[in-house]
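Before any comments, here is the structure.
The figures here come from the full heavy-atom set of this structure, side chains too, leaving out hydrogens, waters and symmetry mates.
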Amino acid sequence: MIELESLCAGYPGRAVLKDVSLSFPAGRVVILVGPNGSGKSTLLRTALGLQPKTGGRVLLDGIPIEALTARQTALKAAYLPQSRAVPNITARRMVLHGRFPHLSFPRRYRAEDYRAAERALAWAGAEDIADRPMQELSGGQRQKVYLAMALAQETETVFMDEPTTYLDVRHQIEVMAVARRLAQDGKAVVLVLHDLCLAMRFADEIAVLSNGGLAYQGTPEAVCQDGILTRVFGAALERVETETGWRYYYR
């Protein structure tokens with residue numbers, strides 16, 4: 001489990017996160033929401049040691065992140081960033097990059113690495129594009145491949161920063177369904193989303209960031225009842241009960 005204790009982070013001359021305490025337990029989907037510039041992406045990067053913190057602690061399974069190598073961290077948590085470079089390789093080869101933390105130098109893929117890549121491609125719904133060059137894929141198809149690469153890492157925690165970017169509605173729901181299945185398999189799943197309705201539908205917990213701090217944390221029901229989203233975003237969110245659960249919409 002990854003735990004943040006009074007975490008502070010930012011850039012030279014500008015604080016972004018201030019005194020944020022948050023944990024990401026196994027078997028839960030935690031979704032970070034907040035206005036632009038509230039520190040959502042910074043939180044993910046700092047939690048993974050990709051950006052230095054300026055205060056507080058980050059613990060991975062109780063171990064301070066400073067005590068872990070980059071490889072050890074990558075074996076515990078996978079990260080799907082907002083954007084990546086597009087190399088001139090096939091989608092399958094891209095997904096195999098997710099196996100790097102499991103390999104020693106020189107990197108030679110084993111049978112188990114190919115099996116992990118095929119499982120990840122299936123999870124992400126990208127089997128049909130596995131042999132196509134990355135540069136020929138649409139933005140949505142590339143996003144599926146990057147998701148598969150993160151899944152191929154086979155970590156206990158998966159961080160995704162805006163994973164539904166470039167996807168149409170059907171594929172957005174498919175990605176969120178993958179997140180739910182990962183949690184059901186016992187993984188901790190942490191996402192940054194801008195789509196509040198999508199977040200409220202699929203999250204176990206919502207963490208609302210505002211002005212660099214944690215403004216509220218709770219279940220979607222608690223978040224809705226508190227009215228924090230209206231105060232932070234200035235948008236009223238309503239809900240209606242359906243046969244498959246609550247559905248949220250803007251008033």
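Tyr79 and Leu7 end up in the same hydrophobic cluster when Ile, Leu, Val, Met, Phe, Trp and Tyr side chains are linked at under 4.5 Å. Under the 4.5 Å side-chain heavy-atom criterion for Ile, Leu, Val, Met, Phe, Trp and Tyr, Leu196 and Met160 are members of the same hydrophobic cluster. Placement of Leu198 and Val190 in two distinct hydrophobic clusters is found when ILVMFWY residues are connected by side-chain heavy-atom separations under 4.5 Å, directly or transitively. Residues Leu191 and Val20 do not share a hydrophobic cluster, clusters being chains of Ile/Leu/Val/Met/Phe/Trp/Tyr side chains in contact below 4.5 Å. In the hydrophobic cluster analysis, where Ile, Leu, Val, Met, Phe, Trp and Tyr join through side-chain heavy atoms closer than 4.5 angstrom, Ile65 is grouped apart from Met1.
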Taking it one step at a time, do Phe159 and Arg45 satisfy side-chain contact (heavy atoms from CB on, under 4.5 Å)?
CA-CA 9 Å; Phe159 282 8; Arg45 291 180 55 79; over 6 Å; no

For Tyr146 and Val86, what are the C-alpha separation, side-chain angles and deciding distance, and is it a side-chain contact (heavy atoms from CB on, under 4.5 Å)?
CA-CA 10 Å; Tyr146 297 140; Val86 185; 3.6 Å; yes

Leu60 vs Leu68, side-chain contact (heavy atoms from CB on, under 4.5 Å): CA-CA, chis, key distance, verdict
CA-CA 9 Å; Leu60 277 68; Leu68 299 173; 3.9 Å; yes

Pair Leu22, Phe24 - check side-chain contact (heavy atoms from CB on, under 4.5 Å), show working.
CA-CA 7 Å; Leu22 193 59; Phe24 308 118; 3.7 Å; yes

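Classification of Glu156 and Lys76 as a salt-bridged pair fails, no side-chain N sitting under 4.0 Å from a carboxylate O. Between Lys53 and Glu66 there is a salt bridge, with a side-chain nitrogen of the basic residue lying less than 4.0 Å from a carboxylate oxygen of the acidic one. Salt bridge status for Arg231 with Asp226: present, with a side-chain N to carboxylate O gap under 4.0 Å. Between Arg92 and Glu118 there is a salt bridge, since a side-chain N of the basic residue sits under 4.0 Å from a carboxylate O of the acidic one.
Taking CZ of Arg142 as the start and CE of Met149 as the end, the distance is 13.0 Å to the nearest 0.5 Å. Rounding to the nearest 0.5 Å gives a distance of 8.0 Å between CZ of Arg107 and NE2 of His97.
The minimum heavy-atom distance linking Ala179 with Val189 is given by the pair O-CG2, 3.7 Å. Smallest separation of non-hydrogen atoms from Pro87 and Met94: CG-SD, 3.5 Å.
Between Tyr248 and Pro220, the closest side-chain pair of non-hydrogen atoms falls below 4.5 Å. Val145 has its side chain within reach of Ile129: a pair of non-hydrogen atoms, C-beta onward, lies under 4.5 Å apart. At least one side-chain heavy atom of Asp161 sits less than 4.5 Å from a side-chain heavy atom of Ser41. Between Arg239 and Arg247, every side-chain heavy-atom pair lies at or beyond the 4.5 Å cut-off. Contact annotation: the side chain of Leu103 never approaches that of Arg108 to less than 4.5 Å [non-hydrogen atoms, C-beta and beyond]. By the 4.5 Å heavy-atom criterion applied to side chains, Leu137 and Arg132 are counted as neighbours. Counting heavy atoms from C-beta outward, Thr73 and Leu50 have side chains that stay 4.5 Å or more apart. A heavy-atom distance below 4.5 Å is not found between the side chains of Asn88 and Met134.
Judged by distance alone, the side chain of Thr155 and the main-chain N or O of Thr157 form a donor-acceptor pair under 3.5 Å. Between the side chain of Glu162 and the main chain of His194, a donor-acceptor pair closer than 3.5 Å is present. No side-chain donor-acceptor contact under 3.5 Å links Arg28 to the backbone of Ala188. Here the side chain of Thr90 pairs no donor or acceptor atom with the backbone of Pro133 at under 3.5 angstrom. Checked by atom type and distance alone, the side chain of Thr46 never pairs as donor or acceptor with a backbone atom of Leu43 at under 3.5 Å. Side chain of His102 to main chain of Gln153: a donor-acceptor pair is present (N/O by atom type, distance under 3.5 Å, no hydrogens or angles). Checked by atom type and distance alone, the side chain of Gln225 never pairs as donor or acceptor with a backbone atom of Ala222 at under 3.5 Å. At least one donor-acceptor pair under 3.5 Å links the side chain of Ser21 to the backbone N or O of Ser6.
Shown are Ile173, Leu147, Leu193; of these, the side-chain contact (heavy atoms from CB on, under 4.5 Å) with Thr164 is made only by Leu193.
Judged by the 6.0 Å and 45° rule, Arg99 forms no cation-pi pair with Tyr109.
Each salt bridge (Lys or Arg N to Asp or Glu O under 4.0 Å) pair with one or both residues in residues 177-196, not counting sequence neighbours, appears once here: Arg180-Asp204.
Atom CD of Gln217 is surrounded by more than 12 heavy atoms from other residues, nucleotides or ligands within 6.0 Å. Within 6.0 Å of the CG atom in Asn211, the count of heavy atoms belonging to other residues, nucleotides or ligands does not exceed 12.
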